[in-house]
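What you see below is based on every heavy atom in this structure, not just the backbone, and it leaves out hydrogens, waters and symmetry mates. Nothing fancy with the numbering, it's 1 onward along the sequence.
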Amino acid sequence: MIKKFIKSLARKVLLSEAVPTGRTVELLRKTDKSFLSERPFYFGLKRMRATGLAMEAAPGTAETVLNVLSRYPKGTAVLDFGCGQHQSAYLKNFGFDVNSCDVLNMDIPNFTQIDPVNSKLPFADKQFDVVVASEVLEHVESPWVVLSELIRISKQAVIISTPNTTSLHSRKVFAKTGYLHWFTPENFSYHISPIFAWQVELFCKLHNVKLAEILGNHQAFELPSSAGKVLDLAEALVFVIFPE
């Protein structure tokens, strides 16, 4: 108990705290406190800490996705692709009509288990208004096949998030080790496909869909959010794609 207290105190002293923006504060206020946790993340080369939504992603990632989703009215049909254990619950808390899917069998309502061998998803064309795939594509062997399917089944938007392979911190790690941040050998059991922003841009151009925005997880906090610095500063990137 004493060790835990000292460790917690050291983190608070050594790491700067990222303060949520007004919109993020509003999201967190509406969220069940059991979904919140304090974790570190990188802002460029600086290591910081923040309290945010519990998710297997850098703090601010889920908040950025929810900030994008807040543009859509309650009742919007959302597919939570690669839902895991937590995300669908807080998507429902914000009033969306949520369907969930994953390769693992999750005991949650409106759930479809995906066959990882079958490249075609068991959903109709344009079945959902919005499809969300948070921190999923880097886990699959054929991310561009999956993204094509997500676009096929989406009517209005596809929102994906993934670790930022070209952040200042990731480039520093690569210069020292030859590996990208989050794609080191110890991560290979689950992070197998690094996604680069230029790949998403080229994919959208080749498939005649619109890449509307590239956002960073740091934009959920009161930190510099200049569009030109997103690729340098953000530890995670959020892409908003319009199918038509």
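By the criterion of side-chain heavy atoms lying less than 4.5 angstrom apart, applied directly or through intervening Ile, Leu, Val, Met, Phe, Trp or Tyr residues, Met106 is grouped together with Val103 in one hydrophobic cluster. Linking Ile, Leu, Val, Met, Phe, Trp and Tyr whenever their side-chain heavy atoms come within less than 4.5 Å puts Val209 and Val131 in one cluster. In the hydrophobic cluster analysis, where Ile, Leu, Val, Met, Phe, Trp and Tyr join through side-chain heavy atoms closer than 4.5 angstrom, Ile159 is grouped apart from Leu79. Taking hydrophobic clusters as Ile, Leu, Val, Met, Phe, Trp and Tyr residues chained together by side-chain heavy-atom distances below 4.5 Å, Leu237 shares a cluster with Val140. Each of Val132 and Trp144 belongs to its own hydrophobic cluster when Ile, Leu, Val, Met, Phe, Trp and Tyr are linked at side-chain heavy-atom distances under 4.5 angstrom.
Counting non-hydrogen atoms of other residues, nucleotides and ligands closer than 6.0 Å to CZ of Phe188 gives a total of 12 or fewer. Atom CZ of Phe196 sits in a crowded spot, with more than 12 heavy atoms from other residues, nucleotides or ligands closer than 6.0 Å.
Side-chain contact between Lys210 and Cys204: absent, with no pair of heavy atoms (C-beta onward) separated by less than 4.5 Å. Side chains of Leu215 and Val230 form no contact here, defined as non-hydrogen atoms less than 4.5 Å apart. Leu53 has its side chain within reach of Glu63: a pair of non-hydrogen atoms, C-beta onward, lies under 4.5 Å apart. Residues Asp125 and Ile153 have side chains not in contact (no heavy-atom distance under 4.5 Å, counting atoms from C-beta outward). Considering only heavy atoms from C-beta on, Gln219 stays 4.5 Å or farther from Asn67 through its side chain. The shortest distance between side-chain heavy atoms of Phe183 and Ile192 does not fall below 4.5 Å. Looking at Val136 and Ile160, their side chains never come closer than 4.5 Å, going by heavy atoms from C-beta outward. Using a 4.5 Å cut-off on side-chain heavy atoms (C-beta onward), Pro163 and Glu135 make contact.
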Determine, stepwise, if the pair Val25 / Thr21 fulfils side chain to side chain contact (heavy atoms under 4.5 Å, CB included). CA-CA 6 Å; Val25 169; Thr21 63; over 6 Å; no
Intermediate values then yes/no, side chain to side chain contact (heavy atoms under 4.5 Å, CB included), Leu211 and Lys205: CA-CA 8 Å; Leu211 177 56; Lys205 183 177 180 180; over 6 Å; no
Determine, stepwise, if the pair Lys92 / Asp97 fulfils salt bridge (charged side-chain N to carboxylate O under 4.0 Å, His left out). CA-CA 7 Å; Lys92 290 174 184 175; Asp97 177 14; over 6 Å; no
Decide yes or no on side chain to side chain contact (heavy atoms under 4.5 Å, CB included) for Leu36 and Leu28, but give the supporting numbers first. CA-CA 8 Å; Leu36 303 182; Leu28 296 179; 3.7 Å; yes
Verdict with supporting geometry, Arg23 and Glu26, salt bridge (charged side-chain N to carboxylate O under 4.0 Å, His left out): CA-CA 5 Å; Arg23 179 177 287 246; Glu26 184 181 347; over 6 Å; no
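Of all non-hydrogen atoms in Tyr42 and Arg47, the two that sit nearest each other are OH-CD, 3.5 Å. In this structure, Asp102 and Cys83 approach most closely via the heavy-atom pair OD2-N, 3.4 Å. Scanning both residues, Ile214 and Glu201, for their nearest heavy atoms gives CD1-OE2, 3.7 Å. When all heavy atoms of Ile195 and Thr165 are compared, the pair lying nearest together is O-OG1, 3.1 Å. Of all non-hydrogen atoms in Thr31 and Phe94, the two that sit nearest each other are OG1-CZ, 3.6 Å. Closest approach of Phe96 to Tyr72, counting heavy atoms only: CE2-O, 3.8 Å.
Gln113 contributes atom CD, which lies 10.5 Å from atom SG of Cys101 (distance to the nearest 0.5 angstrom). Considering NZ of Lys120 and CD1 of Ile114, their distance stands at 12.0 Å, rounded to 0.5 Å. A distance of 11.0 Å separates CG in Leu137 from NE2 in His191, rounded to the nearest 0.5 Å. In this structure, His207 NE2 and Ile241 CD1 are separated by 10.5 Å, a value rounded to the nearest 0.5 Å. The line from OG of Ser134 to CE of Met55 is 4.0 Å long, rounded to the nearest 0.5 Å. If you take CZ on Phe81 and CG on Leu147, they are separated by 10.0 Å, rounding to the nearest 0.5 Å.
In this structure, Phe128 and Phe123 have perpendicular ring planes: the angle between them is above 60°, well past the 30° mark.
Checked against Ser88 for a side chain to side chain donor-acceptor pair (under 3.5 Å), the options Asn93, Asn99, Asp80, Asn110 give a single hit: Asp80.
Using a 3.5 Å distance cut-off with no hydrogens or angles, the side chains of Trp182 and Glu138 do not pair a donor with an acceptor. Residues Thr184 and Asn187 bring a donor and an acceptor atom of their side chains to less than 3.5 Å of each other. Remark: the Asp129 side chain and the Thr76 side chain contain no N/O donor-acceptor pair separated by less than 3.5 Å. Using a 3.5 Å distance cut-off with no hydrogens or angles, the side chains of Thr61 and Thr64 do not pair a donor with an acceptor. No side-chain N or O of Glu235 forms a donor-acceptor pair with one of Ser167 less than 3.5 Å apart. Using a 3.5 Å distance cut-off with no hydrogens or angles, the side chains of Arg39 and Thr51 do not pair a donor with an acceptor.
Checked against the 6.0 Å centroid threshold, Phe221 and Phe41 count as a close aromatic pair.
A donor-acceptor contact shorter than 3.5 Å is absent between the side chain of Ser154 and the backbone of Val130. Between the side chain of Glu149 and the main chain of Val146, no donor-acceptor pair closer than 3.5 Å is present. In this structure a side-chain-to-backbone donor-acceptor pair under 3.5 Å is missing from Ser170 to Thr166. Of the possible donor and acceptor atoms, none in the side chain of His218 sits under 3.5 Å from a partner among the backbone N and O of Phe43. Checked by atom type and distance alone, the side chain of Asn164 pairs as donor or acceptor with a backbone atom of Ala234 at under 3.5 Å.
Under the rule for a salt bridge (Lys or Arg N to Asp or Glu O under 4.0 Å), the partners of Lys126 that lie at least two apart in sequence or sit in another chain are Glu244.
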